[in-house]
J.: 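Handing you a structure now.
In this text the structure is predicted, and so the values were computed from the model without any measurement. Heavy-atom basis, side chains included; hydrogens, waters and symmetry copies ignored.
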Amino acid sequence: MSEPPVQPLFASAVRAARKLQELGDPLPADAVTQLSKLESSSLSEADRRSQLEALLQPFVLVEVSIDEQGMALCAPGAAPPRLVQHGWRSFLVRVANPHRIEAELATFDGGTYAMIDHQSHSARIALHDTLTVVPRIKHAWLDTKLAAPGELSGLEVEYKVISLYARDDGVRSGGVMLVAADEHNHRSLSRSPLRIAGQRTGFKVREYGASFEFDCAPAREIQLDIREPDGRSCMAAITIQDGQGRSYPSKAMRLAPDMFFHEHVYRATGEVVRLPEGKYRVSAIRGPEYRTVVLDAEVGTETDSIPVTLDRWVDPASRGYYSGDPHIHAGGCSHYNVPSEGVTPETMIRHVRGEGLWLGSVLTWAPCYYHQKQFFSGESISPAADLEYPEMQAAQGMTWTPRPTDRDGESALRYDVEVSGFPSSHSGHVILLGLSDQDYPGTSLIEDWPSWNLPVMRWGKAQNALVGYAHCGLGLAVGTEELPNYVVPSFQSIGSNEIVVDVPLGAADFQCGAEFAPASELNIWYHLLSVGYRTLMLGETDYPCIYDEGPGVGRTYVRLTDPPSGPQAIEAWIAGLREKASYFGDGRSHVFDLAVDGDVGREHQLDAPGQVRVSATVAAWLPEQPPPPPAGRPAYSAPVGWHLERARIGTSRSVVVELVVNGFAVASQQVVADGTEQEIAFDVTVERSSWLALRILRSVHTQPVFLEVGGRPVRASRRSAQWLHDCVDQLWKAKSGFIRESERDAARQAYDEAQAVYLSRLEECEVD
C-alpha cells in the first residue's frame, strides 16, 4: 500500500503551530524555522514525513490512536506535562487514524478524571447527589479543551492542539481522554463511553485515557483595589481575560459565588483572584449607571494588586431615585438545580451589590421551593457576602477572604414568592412582593395551591403585598409593533394573562417587563390605563432565567424621601411605587422629576380642558460610535430586549424622548446620549381626562401621570374597553381547561364580573 501524500500532513502541522502561537504557547523559533524548511524541502516524501514527526514529537502531550470502531486510545506523548495554576497551557496532539474515519475529535469529561460538563445546569456533572461533597469537588481540578477545529479530516496522521487548565499547584495526578464523536450528535462513534462502561465486560474509561503526573506551577494571589470615583470601596463585576479571550478564574472550575455562566466575577475592594504570570485585559463595571473601565495589566513576580477606579456617569440616588430588581432567583434555570438548592443569600447579595442595586427581590419558585423557602423571613436583609460553604470552597481552591465595603449597606435582599410551576402558572406567573406569610392557607405542597390566580392575588393583597405579573410580554406578541394595537392575543404562554381579570376586580397591582418587544409588553398596560386603572409597570430581569448577565438588566427606579434600608426596606420601596414618581428600563437612560405645570405628583385635577406643560430631566449614555459588527456579520446586531443602543438614531449619539398621551406618542424631542442631564419640556393641550408618560422606547418608560378634567375619571378609549372585554373571552378559551373542576364555577363567575366592569367603563368612555 502506497504512502499517502505528505502535503496534507504538513498543512495540519502548520495549522497546529499557528494555533499554538495564537494561544500563547508557541513552538520554539528554531522548530518553526525547521518546519518551514521541511515544508518546501526537496527530500523524498518519506524522509520529510519522518523528519516532521521527529521535529514535533517533543511537543506532543497526547498520542491518539483511533481503531476501526472509532474508539480513541490515548497515551502520553513526549512533551513534559507542565501546567500552571489557574491558567491554560497548550500542547500538540498527534492523531493516528489508519482507518481514515471522519468525525469530530472531542475531549471526554466522563467523571473518571473529574472533568466538567459545560452544558449541565449544574456546574458539575460529577456532583450527582449534593454540592457539598468535598472529596468530589477537591478532585475536580483539571479542565481540557481542544482548539477548534476539532474535526478529523480522514488523514492517517494529523495534528491537533489541546489546552489544559489546572486549578491547583504542585504535582497532581490526572488524565486526558479524547473520543471520536459523531459530528451531529457529539456521541462516541462506538457508543457513548459512559454506556459502554456499564455494558462491556472489563471496559474502563481509564484504559482509554492518558495518565500523567502534572507539575503545576503556582499562580499569584492578586488583590483587586476597586474604588468608586469618590474613593469609597465597593463591590463590582470584574472580567479578567487573557489574549485569547479566556476568562479567569476558569468558568468551568467556578463554584458559587462565582457563576460558570458569567464571564465576570463579583469582587469587593481587597478581595483577590489567582492569576499566573502574563498579560491580561481587565474590565470593571457596577451596573448600567457606570461606563465600563478597561485596563491592561501584566502580572509578574512583583505584582500583588490591580487598582481599578470605576466610572460612574449618573447617580439616580443623588436625586432620590432608588433602584430595584423585583424578579431574581437563587435557584433553578442557570443556577444549580442538581440538587435544587440553588445558592444562598450570601451569594445573592454579592450579585446585587455588584450591579449597584439598592433592592433585589429573590423569588422562590417551583424548582427550588422547598429548600429556598427557608430564607424567607418577611423582612429585608443585607447579609455579609461570605462564601457559602467554606470547607467546600476551600477544596475548590477558593482561599480568598470576603471583605466588607463602604457601600454594602446600600443593597438589600427581600425573599418572596413567584407562583411559577404551581397549579395556576398557566394563567401567568405571579409575583408577590412584601409577603408576611409565604404559605398559602391549607397547603403543604405546591400542588395544593389554587389552579387559577385570583385567589392567590387576593391572599397576597390581604397581607398588604404588592402583587402582579412577571415577564409580561411572553405569549402576547401579535405580529405588530404598533402601540396601542387592538389584536387579541392567544394567551398561550405565561405572561400577563389573567391580569385582564384581576385588575378590574381590584386584585392586581402591576406587571413586569423591560425584557422583550415593547408592543407585547406595553399593550395590555396601555389599554388598562386608558380605561382608568392605576396599574403599575416595573422593570425586571428574571435573572438567571431570561437574562444571565446579572441582576438589574431590567430595573425599576422609585423616588423616595429616604433611602430604602433596614428590615422594612421593601415596604418603603413599595409605598413609593404606589404613591410617588418612578420609572423602569435598562438603566442606560433616566427620566427624573416628570412634572405637569411644575408639580411632580402622580394625580392632577384640572378645572377645564386646556394646555399644560410637561417637563422632566433626562439623562442617557451611549458610546460616541455604535459598536462594531461582530466578526462574520455584515452589520451591527443590537442587543435583545430593552437596550438604549436600540434607540440610537442611525450612527448618531441621539435618541428620541416621546410624550405619550392615552397610549399614543403626541410629541417628541431628540436628546444627545452623552451622559449629561438635559431639561426637556412639552406643551400639550388636554381635552379630556387622560394619562400621560414619557418614554425612550427600548430603554426607559415612566409611570403614568393622571389628569382628571372637571372631576371626571379617565375613560379615554371605548376601543380599549372593548379589547379588554374580548381578551377575557379569549383567556377563558385558552385557560379554563387547566382550572380544576372544583374551582371552575368560581373562575367563570369572576371572568363574567370582569367583563361586566369593562362594559360599564365602555359606556363611560368619552371617545372611541
Side-chain angles (χ1 to χ4, degrees), residues 22 148 229 236-248 251 259 261-266 279-297 308-314 323 334 354-356 481 513-518 539 541 543-544 546-555 584-591 618-658 670-676 678 695-701:
E22 292 174 8
I238 305 295
T239 303
I240 303 173
Q241 294 182 320
D242 61 19
Q244 306 308 311
R246 296 176 298 208
S247 298
Y248 293 76
K251 293 169 66 176
M259 296 288 99
F261 51 84
H262 286 160
E263 296 296 337
H264 59 269
V265 295
Y266 293 104
K279 295 180 179 180
Y280 300 92
R281 176 65 54 91
V282 179
S283 60
I285 193 169
R286 195 167 182 257
E289 297 164 19
Y290 296 73
R291 288 179 280 254
T292 302
V293 173
V294 180
L295 55 97
D296 293 319
V308 178
T309 300
L310 299 174
D311 182 12
R312 177 186 275 278
W313 69 270
V314 68
S323 59
S334 292
E355 296 296 337
E481 288 300 300
E515 296 157 302
F516 304 111
T541 299
Y543 167 76
I546 292 179
Y547 292 104
D548 276 351
E549 293 95 314
V553 172
R555 50 181 65 197
F584 63 92
D586 68 345
R588 296 176 181 85
S589 62
H590 302 262
V591 181
V618 175
W621 186 82
L622 283 171
E624 291 188 20
Q625 299 296 326
R633 294 186 185 179
Y636 174 67
S637 178
V640 298
W642 285 48
H643 195 292
L644 185 62
E645 189 61 52
R646 302 189 71 166
R648 187 191 292 267
I649 302 173
T651 59
S652 75
R653 207 180 184 184
S654 296
V655 296
V656 174
V657 182
E658 295 178 304
Q670 290 188 21
V671 298
V672 179
D674 59 2
T676 62
Q678 301 168 60
R695 73 186 184 194
I696 301 174
L697 272 183
R698 295 282 193 175
S699 183
V700 69
H701 203 301

J.: Before giving the answer on side-chain contact (heavy atoms from CB on, under 4.5 Å), spell out for His701 and Phe584 the whole-Å C-alpha distance, their side-chain angles and the decisive distance to 0.1 Å.
T.: CA-CA 6 Å; His701 203 301; Phe584 63 92; 3.4 Å; yes
J.: Examine distances only and state if a side-chain atom of Asp586 and a backbone atom of Val700 form a donor-acceptor pair shorter than 3.5 Å.
T.: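 A pair under 3.5 Å: no.
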J.: Who passes side-chain contact (heavy atoms from CB on, under 4.5 Å) against Glu549, sequence neighbours left out?
T.: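 Here the qualifying residues are Tyr547, Val553.
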J.: Quick check: closest heavy atoms across Glu481 and Pro518, and the distance to 0.1 Å?
T.: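 Closest approach of Glu481 to Pro518, heavy atoms only: OE1-CD, 4.1 Å.
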J.: Applying side-chain contact (heavy atoms from CB on, under 4.5 Å), run through Val655 and Gln670 and close with a yes or a no.
T.: CA-CA 6 Å; Val655 296; Gln670 290 188 21; over 6 Å; no
J.: Is His262 reaching over with its side chain to a backbone N or O of Asp548, donor-acceptor style, under 3.5 angstrom?
T.: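 Judged by distance alone, yes, a pair lies under 3.5 Å.
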J.: For Arg555 versus Pro288, what's the shortest heavy-atom pair and its separation?
T.: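 For Arg555 versus Pro288, the nearest heavy atoms are NH2-CD, 3.4 Å.
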J.: Taking the side chain as every heavy atom from C-beta outward, state whether Ile240 and Ile238 have any atom pair closer than 4.5 Å.
T.: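 With C-beta onward as the side chain, the pair touches.
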J.: Less than 4.5 Å apart, side chain to side chain, heavy atoms only: is that true for Trp621 and Arg588?
T.: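 Not touching, per the 4.5 Å side-chain cut-off.
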J.: Residues two or more places apart in sequence or in another chain: which of them pass side-chain contact (heavy atoms from CB on, under 4.5 Å) with Val618?
T.: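 With neighbours one apart ignored, the set is Val591, Val657, Val671, Ile680, Ile696.
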J.: Could you tell me which non-hydrogen atom of His590 sits nearest to which non-hydrogen atom of Trp313, and how far apart they are?
T.: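 That would be CD2-CH2, 3.7 Å.
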J.: Counting only pairs under 3.5 Å, give me each side-chain donor-acceptor contact of residues 647-654, with atom names and distances, residues two or more places apart or in other chains.
T.:
| from | atom 1 | to | atom 2 | distance (Å) |
| --- | --- | --- | --- | --- |
| Arg648 | NE | Glu645 | OE2 | 2.6 |
| Arg648 | NH1 | Pro623 | O | 3.3 |
| Arg648 | NH1 | Ser652 | O | 2.8 |
| Arg648 | NH2 | Pro623 | O | 3.0 |
| Arg648 | NH2 | Glu645 | OE1 | 3.1 |
| Arg648 | NH2 | Glu645 | OE2 | 3.4 |
| Ser652 | OG | Ile649 | O | 2.6 |
| Ser652 | OG | Ser654 | N | 3.2 |
| Arg653 | NE | Leu622 | O | 2.7 |
| Arg653 | NE | Ala673 | O | 3.2 |
| Arg653 | NH2 | Leu622 | O | 2.8 |

J.: Taking all atoms of both residues into account, what is the closest heavy-atom pair of Ala236 and Ile285, and its distance?
T.: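 In this case the closest contact between Ala236 and Ile285 is CB-O, 3.7 Å.
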J.: Roughly how far, to the nearest 0.5 Å, is OG1 of Thr309 from CG of Leu295?
T.: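 One gets 9.0 Å once the value is rounded to the nearest 0.5 Å.
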J.: Heavy atoms only: give me the nearest Tyr266-Glu355 pair and the separation to one decimal.
T.: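 Looks like OH-OE2, 2.6 Å.
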J.: Would you call Arg281-Asp296 a salt bridge at under 4.0 Å N-O?
T.: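 A salt bridge links Arg281 with Asp296.
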J.: Can you list everything that forms a side chain to side chain donor-acceptor pair (under 3.5 Å) with Tyr290? Sequence neighbours excluded, please.
T.: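 Tyr290 satisfies side chain to side chain donor-acceptor pair (under 3.5 Å) with Glu228, Arg286, Arg312, Arg407 only.
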J.: Thr239: which residues meet the side-chain contact (heavy atoms from CB on, under 4.5 Å) condition with it, sequence neighbours left out?
T.: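 Here the qualifying residues are Gln241, Glu263, His264, Ser283.
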J.: Among residues at least two apart in sequence or on other chains, which ones pass ring-ring contact (aromatic ring centres under 6.0 Å, His included) with Tyr280?
T.: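 Tyr248.
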J.: Quick one: closest heavy-atom pair of Ser699 and Ser589, and the distance?
T.: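 Reported closest heavy-atom pair: OG-OG, 2.6 Å.
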